[in-house]
Amino acid sequence: MDEPIPQRGEITEMLKAWSGGNRVAMDNLVPLVYEELHRQARRYLSRERGNHTLQTTALVHAAYLRLIEYRFVDLLMLDKALNELATLDERQAQIIEL
C-alpha cells in the first residue's frame, strides 16, 4: 500500500525542521522532493519531440542537485554540461536551469 502524500503544512514543517538542523526531517523530505521532481520531469518530457536525448532521471538529477546545493558536487562541471546542452537544445537547457 502506498504511503499517503504529506499535506502542504506537513511539508512546510519538515522544511522548517530541516533548516533548523533536523536530519530526520531532511531524510523524510528528500524522497518526497525527488519523487515530485521525477513526476514533473516525466510529464514535461512526454510533451517533447520523440528524438530528444535528455532522460527523465538526468533532468531530475540536475534539478535536484540545484535544489539541495549538494556540497560535494562540482557545480562548475554541471554548468559546463548545461552549456554543452544549450548548444544542442537551448530549450532543454533552460528547463534544467528553472
Side-chain angles (χ1 to χ4, degrees):
M1 184 170 156
D2 291 335
E3 292 184 30
I5 298 171
Q7 298 299 310
R8 183 171 290 167
E10 293 173 291
I11 292 173
T12 300
E13 290 304 314
M14 282 188 248
L15 285 167
K16 287 179 184 177
W18 180 15
S19 69
N22 183 329
R23 176 72 185 197
V24 174
M26 183 191 75
D27 291 343
N28 291 332
L29 186 61
V30 167
L32 297 173
V33 172
Y34 185 84
E35 183 180 324
E36 181 59 26
L37 285 172
H38 213 281
R39 185 175 20 260
Q40 289 184 23
R42 196 171 35 251
R43 188 177 321 126
Y44 175 80
L45 290 176
S46 72
R47 296 186 306 253
E48 284 295 302
R49 66 187 192 288
N51 64 345
H52 68 81
T53 58
L54 190 59
Q55 304 253 333
T56 303
T57 301
L59 178 59
V60 169
H61 287 180
Y64 190 74
L65 290 173
R66 286 182 174 265
L67 283 174
I68 64 170
E69 297 177 359
Y70 195 69
R71 295 177 191 190
F72 302 109
V73 176
D74 184 355
L75 292 178
L76 294 176
M77 292 297 288
L78 182 60
D79 287 338
K80 181 180 178 195
L82 188 59
N83 289 335
E84 289 176 11
L85 176 61
T87 63
L88 298 172
D89 191 320
E90 181 68 29
R91 182 173 177 187
Q92 287 185 11
Q94 290 171 343
I95 291 164
I96 290 174
E97 283 184 315
L98 293 175

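Since the structure is predicted, the reported quantities are computational estimates derived from the model, not experimental observations.
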Contacts of type salt bridge (Lys or Arg N to Asp or Glu O under 4.0 Å), residue R47, not counting sequence neighbours: none
Listed partners of R23 passing salt bridge (Lys or Arg N to Asp or Glu O under 4.0 Å), at least two apart: D27
Hydrophobic cluster identity match, L15 and Y34, side-chain contacts under 4.5 Å: yes
Evaluation steps, side chain to side chain contact (heavy atoms under 4.5 Å, CB included), between L32 and E10: CA-CA 12 Å; L32 297 173; E10 293 173 291; over 6 Å; no
Distance-only donor-acceptor check, side chains Q40 and Y44, under 3.5 Å: no
Euclidean distance, E36 CD relative to R39 CZ, rounded to 0.5 Å: 4.5 Å
Passing option when R42 is tested against V60, L37, T56 for side-chain contact (heavy atoms from CB on, under 4.5 Å): T56
Atom pair CG/NZ of N22 and K16 - distance to nearest 0.5 Å: 14.0 Å
From E48 atom CD to D89 atom CG, the distance as rounded to the nearest 0.5 Å: 7.0 Å
